[in-house]
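We count residues from 1, following the sequence as given. As the structure is a prediction and not an experimental result, all values here were calculated from the model.
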Amino acid sequence: MTRIYLAGPMTGLPNLNFPAFRAEALRLRSLGFHVVNPAEINMGTTMGWVGCMKKDIPELLTCTSVALLDGWENSQGATLEVHIARKLGMAVLRSALITRKAKA
């Protein structure tokens with residue numbers, strides 16, 4: 001199953017934007033993707049930004065691509081994740097444009 005990492009803005013948004021992350025993860029999973037969702041990795045928000053990134057980046061490295069939520073370019077974490085993904089040759093796509101089922 002294709003592993004895709006979901007990246008987008010969290011800091012400063014209501015509920016850390018978790019509802020948008022959860023909704024998009026559900027949509028991508030319905031298309032057959034294995035979604036790595038930072039909102040599920042960092043359910044407790046007490047560890048701070050650095051602590052979250054230290055948990056998220058190893059998970060990002062297990063994926064073949066990154067799906068970007070709207071507003072990702074305004075997120076320090078998402079821009080870091082995109083930088084890493086691009087340097088490693090991973091596909092980086094706007095999540096909303098993913099409409100076809102994952103290849104088995």
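Hydrophobic clustering (ILVMFWY, side-chain heavy atoms < 4.5 Å, transitive): F18 and L13 are in distinct clusters. Cluster annotation: V50 and I84 are assigned to the same hydrophobic cluster (Ile/Leu/Val/Met/Phe/Trp/Tyr, side-chain heavy-atom contacts under 4.5 Å, transitive). Residues I4 and L97 do not share a hydrophobic cluster, defined by chaining ILVMFWY side chains whose heavy atoms lie under 4.5 Å apart.
Among residues two or more places apart in sequence or in another chain, the salt bridge (charged side-chain N to carboxylate O under 4.0 Å, His left out) test is passed with R29 by E40. In terms of the side-chain contact (heavy atoms from CB on, under 4.5 Å) criterion, L26 has no residue partners (sequence neighbours excluded).
With a 4.5 Å cut-off on side-chain heavy atoms, L28 and N37 do not count as touching. Contact annotation: the side chain of E81 never approaches that of W72 to less than 4.5 Å [non-hydrogen atoms, C-beta and beyond]. Residues V66 and L68 meet the side-chain proximity criterion, which asks for heavy atoms closer than 4.5 Å. T11 is not listed as a side-chain neighbour of Q76, based on a closest heavy-atom distance of 4.5 Å or more.
Pairs engaging residues 55-64 under the side-chain hydrogen bond (donor to acceptor under 3.5 Å, both in side chains) rule: R3-T62, N42-D56 [sequence neighbours left out].
More than 12 heavy atoms of other residues, nucleotides or ligands sit less than 6.0 Å from atom CG of N74.
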Decide side chain to side chain contact (heavy atoms under 4.5 Å, CB included) for S95 and R27; before the verdict, give the C-alpha distance in whole Å, the side-chain angles of both, and the deciding distance to 0.1 Å. CA-CA 10 Å; S95 189; R27 187 185 76 80; 4.0 Å; yes

Output, in order, the C-alpha distance, side-chain angles, deciding distance and verdict of side chain to side chain contact (heavy atoms under 4.5 Å, CB included) for V36 and L60. CA-CA 7 Å; V36 176; L60 165 68; over 6 Å; no

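Put simply, CG on L31 and OG1 on T2 are 11.0 Å apart, with the number rounded to the nearest 0.5 Å. With rounding to the nearest 0.5 angstrom, the CD atom of E24 is 6.0 Å from the CG atom of L69. The structure places NE2 of H34 at 12.5 Å from OH of Y5, a figure rounded to the nearest 0.5 Å. Note: H83 NE2 to L88 CG = 9.0 Å, rounded to the nearest 0.5 Å.
When every heavy atom of F21 is checked against every heavy atom of P38, the shortest pair comes out as CE2-CG, 3.8 Å. Nearest heavy-atom pair, G8 versus S75, reported as atom, atom and distance to 0.1 Å: O-OG, 3.6 Å.
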